[in-house]
**Student:** 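Handing you this structure, nothing more for now.
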Amino acid sequence: MSTKLPSWLTTNTPLPTASSRHHFLEQNSHRLEGLLARFSQAAEQAQPALKHYLPPQIKLLTTFGSVLLLSLNQNLLLLWLILLVDLGLLLTLPQFYLRRVLRQTLTTAAMALLLILPSLLLNANVWLFASKTALILLNLNYYRTTTTFSQVIQALQQLHCPNGLIFVVDITLTYLKMLGEFLLGFLQAVTLRTVGQTKHPYRTIGLLFGTLYLKTRDYALALYAAMEARGFIGEYPRVPRTRKPWRDNLYIILDLAIFGLLFLFGR
Amino acid sequence: MSVTLKLKQLSYDYPNGTGLANINLEITAGEFVCFMGPNGSGKSTLFNILSGLKVATSGAYYFQQTQIDASYLKKPQQRQRFHQQIGFVFQNSDVQLFNLTVADEVAFGLRQLPLSPAEITQRVNDCLELTGCSQLRDRVPYHLSGGEKKRVALASVLALNPSVLILDEPLNGLTPAAQQEIRHLLTQLQQAGKTILIASHDYVQIKATAQRFIVFNEAHQIAYDVDQATLAAKPELEAELALL
């Protein structure tokens, strides 16, 4: 190591700058940061937990059932009934979750409406399709907002899904989060070190993704080794069931009733 | 000496809680300040704000009398000039290095400026020499050890000759000899007029080097703001810092 500073480092004169435009990576780093914050479910973690709410496996089953019903059925009465059940569920949600579900549903439904706008102008029957889409989005947003990733894994365990499937979902979620955080760190580093005109911005993107690939590989090996070291043999133990089954039963009865009505009116 | 960094009633909120609460702070040009505090007390958040990676939720941040806010950082030329004057070495140097060789890594920022190739080469060589990385110049940064990565990250930041250097736990992962060398280099930079802001958990390691100690508490506020002389006169406070 040299002990004497070079002369250029002993002054505080800034270097000449080159004119430049917005950098693709800089433009997107804030957007990615927001996306990652949403993905880590930090906001949800700060809210009162929905601990004594419906168990995740019941929610997974009923969401799947509702989406299936809505996709297959053309009966308007049934749509009203599903909407009624959904609104009932929304009413039980705390304010934070209620706002979030409604905001996301309205935004995604508006986007969907925009996509089918040409058909809407040509054919009045498209309204039924639009309503069904909005209801499907409401169900999906409800599930997404009220269920954390660990609860999704828990639901798969309770539903006796194969360990291989649970492992794949679990690892995928972990990787996505970890790689997203790494990518964000890279983007921040690039932002800080972008002090002028980058001659080859796409080369930088290539370098970032190359490094990210190496990280993924190393992380995968290290993670599996760590899991094995802690006794993981490829099996996920099931957590004990909820102690308040009346809620689950009520919700299942409601769903079964809707399914029954489908057969009654759907003929 | 003029005030180079000033924070006025600055707060930062994360979606899941407070990051910083009502921080008032003035740092003079050429100071060597050490930030201490428990994990999650707000040191890294403060560094992110000072380097322009995050914008305060409320309050104001001034760098050389210019308010640094979202509208200031939105303009590319202003933002780039600001980033050129504030060098930031991350706690995790892994994400700071992405080029194919160490020499490319150090030259990354310089190549964006209207400098001659000879000047770029000179600066790269100087920085590698200063940080003890000359023998690493053709190595791939990804395959370096943790300590080597820290030194390369420091070299790549120094190449742009920033007036303020922010280092988030720069001595972690270094051998005692390398720590001594980096501390010596930082002292030299401070004597050359650079403002040095460092985060550390190791008071013993840094007590002879830093001039001022700012300690955060778990409420994300400044608990103490004391200089070296005051600390030397208060052994109980020194003992408290040694445990952080």
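Since this is a predicted model, take the numbers as computed values, not measurements. Residue numbering restarts at 1 for every chain, and letters A, B, ... go by the order of the sequence lines.
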**Student:** Give the member of Gly87(B), Ala159(B), Cys127(B) that has the highest number of heavy-atom pairs under 4.5 Å with chain A.
**Tutor:** Ala159(B)
**Student:** In terms of heavy-atom contacts, does CZ of Arg111(B) have more than 12 from other residues, nucleotides or ligands at under 6.0 Å?
**Tutor:** yes
**Student:** Quick one: are Leu130(B) and Leu9(A) in side-chain contact, heavy atoms under 4.5 Å?
**Tutor:**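 Yes, side chains in contact.
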**Student:** Is any side-chain heavy atom of Trp8(A) closer than 4.5 Å to a side-chain heavy atom of Glu119(B)?
**Tutor:** no
**Student:** Is there a side-chain contact between Arg193(A) and Glu105(B) (heavy atoms, below 4.5 Å)?
**Tutor:**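 Yes, their side chains come closer than 4.5 Å.
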**Student:** Taking side chain as C-beta onward, heavy atoms only, is His83(B) less than 4.5 Å from Thr191(A)?
**Tutor:**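 They are in side-chain contact.
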**Student:** CD of Glu228(A): more than 12 outside heavy atoms within 6.0 angstrom?
**Tutor:**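 Yes - once you tally the heavy atoms of other residues, nucleotides and ligands closer than 6.0 Å, there are more than 12.
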**Student:** Is any side-chain heavy atom of Thr211(A) closer than 4.5 Å to one of Pro141(B)?
**Tutor:**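 The answer is no, as the side chains (C-beta and beyond) never meet within the 4.5 Å cut-off.
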**Student:** With the threshold set at 4.0 Å, does a side-chain nitrogen-carboxylate oxygen contact exist between Lys4(A) and Glu129(B)?
**Tutor:** no
**Student:** Given side chains that start at C-beta, do those of Phe98(B) and Leu212(A) come closer than 4.5 Å, heavy atoms only?
**Tutor:**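 In short, these two side chains do not touch, never coming nearer than 4.5 Å.
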**Student:** Are side-chain heavy atoms of Val195(A) and Phe82(B) found at a separation under 4.5 Å?
**Tutor:** no
**Student:** With a 6.0 Å cut-off (strictly less than), is the heavy-atom count around CZ of Phe64(A), excluding the residue itself, greater than 12?
**Tutor:** no
**Student:** For the candidates Asn92(B), Leu158(B), Asp94(B), which exhibits the highest count of non-hydrogen atom pairs separated by less than 4.5 Å from chain A?
**Tutor:**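 Heavy-atom pairs under 4.5 Å are most numerous for Asp94(B).
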**Student:** Do the non-hydrogen side-chain atoms of Val157(B) and Leu192(A) ever get within less than 4.5 Å of each other?
**Tutor:**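 Not in contact.
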